[in-house]
There are 2 protein chains.
Amino acid sequence: MDKIKVMIVDDHEMVRLGMKTYLLTEDRIDFLGEAKSGNEAARLAKLYMPDVILMDLLMENGNGIEATRKILSFHPHCKIIILTSYYDDEKVFPAIEAGAHSYLLKTASAEEVTGAVYKAVKGESVIASKVADKMLNRFRPQEKKPHEELTTREMDVLKCLGDGLTNQEISEELFIGIKTVKTHVSNILSKLGVADRTQAAIYANRNGILHKAGRKE
Amino acid sequence: MDKIKVMIVDDHEMVRLGMKTYLLTEDRIDFLGEAKSGNEAARLAKLYMPDVILMDLLMENGNGIEATRKILSFHPHCKIIILTSYYDDEKVFPAIEAGAHSYLLKTASAEEVTGAVYKAVKGESVIASKVADKMLNRFRPQEKKPHEELTTREMDVLKCLGDGLTNQEISEELFIGIKTVKTHVSNILSKLGVADRTQAAIYANRNGILHKAGRKE
DNA sequence: CATTTTTTCAGCCTCTGGACTGAGGGTGAA
DNA sequence: TTCACCCTCAGTCCAGAGGCTGAAAAAATG
């Protein structure tokens, strides 16, 4: 039985070292090499054609999701195991869509990581429990958020409300009459189940309904 | 010259392994051991009395900041180097206050980590540049946020505004007359430089002026 | 093509919000 | 004590907010 060819992708030297140490103690694993970025990963993967890649998501040059997509495009049998610290929705699902086979957190022990490698070559997936929660919730009949039944125009108005604009200002912003704005605001208030524009503005802010879509922490 | 006694604190096995590997290659460093949590760190530190501790901040049982404070209380000559992924204000400054001597990010290379250890025993500090930015901004003549000149009562009212309460509701919440509420609201609006209660509510929400003080991501 | 939803706008009515002015009681510092 | 600030409350006044009803043009849908 051939050894499993494994590659590491992570921009943290410390983490690469730790992972490498995990892998080198396994005699059924052939440690191929490591990459510091998504771009480097794609280059090396084309060169070495690894069986399994342990991939971080957040990196300087080219993130792990792009790299995953790129690598699988020319080497579709490669099993890519995401190994990262983050388990928020915005990271997990794009990674799955990109074709990742497993999703581990960096809290994983040596056994979990090497176990995931062996399972990957057998076609089995490993999902960290915290991530599994997210996925199950995604498939459960999720009650949709109140604002999801707003029309596109009502969303425009709600964004303005979130900026604290008055009806007059909104009408100028959207080039519509003040009466029309009032109608939209009334509909928004009833659809969101809130009492006044202030609560609607709070709702917009707490649910990230904003113009510039700037979201970070 | 005695070897430098170094201890590691991190709840990620992978990271501990990487850091350990950094340290074991240095013959002037005596690797004492490792801890998986802040509580364990304090216990081991009391036992081994290390010269330098490499400490993560975010851990399951007892965070790194508490541990730092605790360890320094009984072993004040210990140099504690924070080594974490985060560099937001809420993490950096409490760590410095707790008495940390250096602040590195996990993107640090082996040379940076071992270098910080050697500098620590000489009494020198190393601050990652991204963190240094934050610190410089903190010491720069910072224009104080508008809400810092609100009186305590006005802050109470502003929190209510942030919840979307009406004047009537605020008066009931705070057991004061509605006229009084109006006075406070007017003062708040002029101090914050906003036009109406809606903008005040947005301000409160975006600046984390809330009742429950619930902060997470 | 027929139907429904969305978007636009109107008039009417009520009430809250907020500006402005004024003022009495409490506390703490000069 | 005087001064300053904070908290409390009152009266007046008006523009804006929001509910209700109705309705026509536009766009999506079947």
Side-chain angles (χ1 to χ4, degrees), chain A residues 142-211 213, chain B residues 143-207 209-211 213:
Chain A
Q142 51 185 326
E143 68 281 8
K144 66 173 76 171
K145 296 250 178 170
H147 69 260
E148 288 177 17
E149 61 186 37
L150 293 184
T151 66
T152 57
R153 203 53 169 164
E154 285 164 353
M155 283 295 291
D156 292 338
V157 174
L158 180 53
K159 286 174 191 170
C160 292
L161 287 176
D163 285 338
L165 302 188
T166 64
N167 289 338
Q168 179 63 43
E169 290 167 334
I170 296 175
S171 82
E172 288 161 8
E173 176 78 19
L174 300 180
F175 306 107
I176 55 180
I178 234 184
K179 297 301 182 65
T180 309
V181 176
K182 283 188 159 205
T183 304
H184 287 314
V185 171
S186 282
N187 292 334
I188 290 169
L189 296 186
S190 89
K191 284 186 182 176
L192 295 187
V194 298
D196 51 43
R197 69 194 301 105
T198 302
Q199 292 185 4
I202 295 169
Y203 181 97
N205 276 274
R206 293 191 179 161
N207 289 277
I209 302 171
L210 304 167
H211 277 115
Chain B
E143 67 281 9
K144 69 172 74 170
K145 295 251 179 171
H147 69 259
E148 288 177 18
E149 61 186 38
L150 293 185
T151 66
T152 56
R153 204 52 169 163
E154 286 163 354
M155 283 297 291
D156 292 338
V157 174
L158 180 52
K159 287 174 190 170
C160 292
L161 286 177
D163 285 339
L165 302 188
T166 64
N167 288 339
Q168 179 62 46
E169 289 167 334
I170 296 175
S171 82
E172 289 161 8
E173 175 78 19
L174 300 180
F175 306 106
I176 55 181
I178 211 174
K179 297 299 183 66
T180 309
V181 176
K182 282 188 161 203
T183 304
H184 288 313
V185 171
S186 281
N187 292 334
I188 291 169
L189 296 186
S190 89
K191 285 187 182 175
L192 295 187
V194 298
D196 52 44
R197 70 194 302 102
T198 302
Q199 292 184 5
I202 295 169
Y203 181 96
N205 276 272
R206 293 191 179 162
N207 289 278
I209 302 172
L210 304 167
H211 277 116

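We name chains A, B, ... by the order of the sequence lines, and we start the count at 1 in each one.
When distances are taken from the side chain of Lys179(A) to each of dG18(C), dT8(C), dG11(C), the shortest belongs to dG11(C).
Where DNA chain D meets chain B (any atom under 4.0 Å from a heavy atom), the bounding nucleotides read 5' to 3' are dC6(D) to dG11(D).
Per the geometry, CD1 belonging to Ile188(B) stands 14 Å off C1' belonging to dG17(C), to the nearest Å. Distance CD1 (Ile176(A)) to P (dT8(C)): 5 Å, rounded to an integer number of Å. With rounding to whole Å, His184(B) atom NE2 is found 15 Å from dA19(C) atom P. Nucleotide dT5(C) holds its P atom 11 Å from the NZ atom of Lys191(A), rounded to whole Å. In this structure, the CG atom of Leu150(A) is 16 Å from the P atom of dT5(C), given to the nearest Å. Between the CD atom of Glu154(A) and the C1' atom of dT8(C) there is a distance of 12 Å, given to the nearest Å. Distance Leu192(B) CG to dG18(C) C1': 15 Å, rounded to the nearest Å. Across the protein-nucleic acid pair, Lys182(A) atom NZ and dT14(C) atom P stand 14 Å apart, rounded to whole Å.
With Glu154(B) contributing its side chain and Leu150(B) its backbone, the two residues share no donor-acceptor pair below 3.5 Å. Listed for the Asn207(A) side chain is no donor-acceptor partner under 3.5 Å among the backbone atoms of Ile209(A).
Among the atoms of the strands shown, base atoms are found under 4.0 Å from some heavy atom of Thr183(A). At the heavy-atom level, Ile178(B) lies nowhere under 4.0 Å from the strands shown. Residue Thr166(A) is in sugar-phosphate contact alone, with no base atom involved, counting any heavy-atom pair closer than 4.0 Å across all strands shown.
Relative to the axis of its first five pairs, the axis of the last five pairs of the helix from dC1(C)-dG30(D) to dG24(C)-dC7(D) sits at 60°, rounded to 10 degrees.
Counting heavy atoms from C-beta outward, Val181(A) and Leu174(A) have side chains that stay 4.5 Å or more apart. The shortest side-chain heavy-atom distance between Leu192(A) and Leu158(A) falls under the 4.5 Å cut-off. Residues His184(A) and Asp156(A) form no side-chain contact, since every pair of their non-hydrogen atoms from C-beta on lies 4.5 Å or further apart. Between Asp196(A) and Gln199(A) the shortest side-chain heavy-atom distance falls below 4.5 Å. Looking only at side-chain heavy atoms (C-beta outward), Asn187(A) and Val157(A) stay at 4.5 Å or farther from each other.
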* Apply side chain to side chain contact (heavy atoms under 4.5 Å, CB included) to the pair Asp163(B) and Glu173(B), showing each step before the final yes or no. => CA-CA 12 Å; Asp163(B) 285 339; Glu173(B) 175 78 19; over 6 Å; no
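Only one option out of Asn167(A), Ile188(A), Leu165(A) pairs with Arg197(A) in a side chain to side chain contact (heavy atoms under 4.5 Å, CB included); it is Asn167(A).
In this model, the phosphate group of dT8(C) is not approached by any side-chain N or O of Thr180(A) to a distance below 4.0 Å at OP1 or OP2.
The 5' end of DNA chain C is approached more closely, in terms of each residue's nearest nucleotide, by Asn187(A) than by the other of Ser186(B) and Asn187(A).
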